[in-house]
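Input: a single structure, listed below in structure tokens.
Positions are given from 1, in the same order as the sequence printed here. Ligands are counted one by one from 1 in listed order, and the atoms in each one are counted from 1 as well.
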Amino acid sequence: MISVVGIGPGSLDLLTERARARISSADIIMGNVRYIELIKDVIPASAEVVIGRMGTEVERAKKAVELGQYKDVVLVSGGDAGIYGMAGLAIEVAADSGTKLEIVPGITAASSSAALLGAPISNDFAVVSLSDLLVPWSEIERKLEGLAKMDIAVVVYNPKSKNRTVQLENTHGIFMQFRDRKTIVGIVRNAEREGCEIEITTLEDLPAFYHRIDMSTTIIIGCSGTKNLGARMVTRRGYETKYDYETGKNGNADDIAAGGYVEAGNRVWELSKAIVRDIVSKYPGSLSDTEKRVAGRVVFANADPSFLDLLVFKHHPVEKGIQCIKEGKTIVTDIEMVKAGISKKYRKKVDCFVNAPKSMEIAKREGLTRTAAGIRLAKEKGLIQGNVVVIGNAPSACQEICALAVEEGDAGVKPALIVATPVGFVNAAEMKEKILSMGNIPCIVIRGPRGGTPSAVAIINAIIEIACQ
Ligand code: SAH
């Protein structure tokens with residue numbers, strides 16, 4: 001008889017009673033040196049111990065099947081023998097041999113590591129091994145991409161060994177692409193063994209821990225529902241949306257509901273972001289990473305990937321925009337609605353003069369539209385030169401900006417960055433081409449008649465978000 005026994009993570013009080021019984025009554029115990037060492041106090045003196053090396057698993061399984069015909073053989077695996085362990089191989093080798101075989105489950109690294117971290121896998125989760133010794137890396141990478149796009153916790157086994165280091169770096173890159181960089185990540189090394197280390201960090205800070213990650217380490221990448229609560233990693237299951245923790249009752253109180261909406265809202269937001277990142281990552285154009293983030297926001301705001309074909313980034317406008325925001329430069333908008341949409345954290349620095357009495361005067365006197373007059377007034381106040389202009393609605397505001405820039409030749413008034421997304425069938429496309437053809441002013445433009453306030457706001461808010469990170 002063969003028993004394929006999972007011995008748990010290491011500590012003997014986490015060995016199941018059944019596993020202990022099988023080991024205690026075994027004639028022969030087979031396993032690699034590390035596992036034999038962990039259970040040495042349970043191994044009876046009468047048992048023969050056969051130590052196997054890594055890479056000799058097939059040989060060991062065959063030997064076990066042969067001996068199992070007339071002896072009680074225990075094949076040990078760490079954790080659970082059926083999870084990246086010997087169980088599957090033993091069944092394959094034993095098939096048709098007539099040898100009796102049983103699998104004894106154990107506590108797997110995902111469970112023991114999760115318990116040390118808190119409760120990070122208390123909602124749906126997935127498990128993936130980064131070992132490409134038996135599985136081609138391309139296949140693992142494909143799975144990682146699929147998992148990264150899903151808003152569930154992911155437990156990573158076999159993250160890194162002496163010879164396999166890029167796999168973890170690639171995995172990190174994939175998750176950074178599809179998940180929020182602040183996602184909570186737990187790292188457990190030597191769970192329930194000597195030298196146990198537990199860390200809770202974020203996705204973006206994971207590389208700082210690479211030097212402490214090895215083949216005895218399990219990493220748990222959280223999802224949008226995962227929090228760091230008092231140094232414990234917890235993935236919320238949704239109780240918080242249904243129950244009042246104070247009373248324990250299934251409450252309908254508005255505040256619980258509101259909390260639930262916030263949580264549900266976060267999930268929707270995370271999922272949307274992952275979908276958009278996926279769309280943008282597949283776009284064949286050559287956008288920089290920051291341009292991709294800005295483009296993603298436009299796709300998101302319009303729920304329309306076709307904007308990727310219309311967006312033009314000229315003269316490194318995102319970098320320029322980030323610099324402007326960091327330096328606290330003014331943003332001038334063509335209409336109030338664009339101003340109102342700009343991130344609260346920067347709105348104090350946003351001006352719009354479309355409704356200023358002086359703009360009315362200029363408009364009448366010069367025969368301009370009110371939005372164009374608003375831009376002219378901003379120029380008179382010295383707010384265009386070297387600042388950011390965001391035009392989300394009015395083609396005439398684009399025209400005015402072009403006129404100001406060329407007014408006095410090289411001495412013309414030039415913004416540091418123009419975001420131009422006016423919308424409409426009259427003049428919008430033409431005026432945006434004019435902005436694009438204008439000297440070397442950094443600009444972000446949505447070509448053609450489409451665009452509007454949501455796109456303008458999406459672009460400038462993405463830039464503010466990157467600058468404030
Ligand atoms: N059958 C085992 C897994 C074997 S794969 C189980 O169910 O746990 C080996 C990987 O498991 C390691 O690279 C590591 O990622 C994880 N692992 C196993 N024991 C661990 C421990 N004590 N602490 C942390 N991770 C462990």
**Side-chain ion pair, Lys40 and Glu37, N-O less than 4.0 Å** = yes
**Salt bridge Lys63-Glu59, side-chain N to carboxylate O under 4.0 Å** =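 Salt bridge between Lys63 and Glu59, a charged N being under 4.0 Å from a carboxylate O: no.
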**Item:** Amino acids in close contact with ligand 1, where any non-hydrogen atom sits under 4.0 angstrom away
**Value:** Pro9, Gly78, Gly79, Asp80, Ile83, Tyr84, Thr108, Ala109, Tyr157, Asn158, Pro159, Val188, Asn190, Ala191, Arg193, Met215, Ser216, Thr217, Thr218
**Request:** For residues 449-469, pull every pair meeting side chain to side chain donor-acceptor pair (under 3.5 Å), keeping only residues two or more places apart or in separate chains.
**Result:**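 Passing the test, one end in residues 449-469: Arg293-Glu465, Arg293-Gln469, Arg297-Glu465, Asn302-Ser455, Asp304-Arg450, Ser306-Arg450.
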**salt bridge (charged side-chain N to carboxylate O under 4.0 Å, His left out): pairs with one or both residues in residues 81-110, sequence neighbours excluded** = Arg22-Glu102
**Pairs involving residues 151-178, ordered by first then second residue, that meet ring pair (Phe, Tyr, Trp, His ring centres under 6.0 Å) (sequence neighbours left out)** =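 Checked against ring pair (Phe, Tyr, Trp, His ring centres under 6.0 Å) - neighbours excluded - the pairs reaching residues 151-178 are Tyr84-Tyr157.
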**Asked** Does Asn158 reach the side chain of Met215, with side-chain heavy atoms less than 4.5 Å apart?
**Response** yes
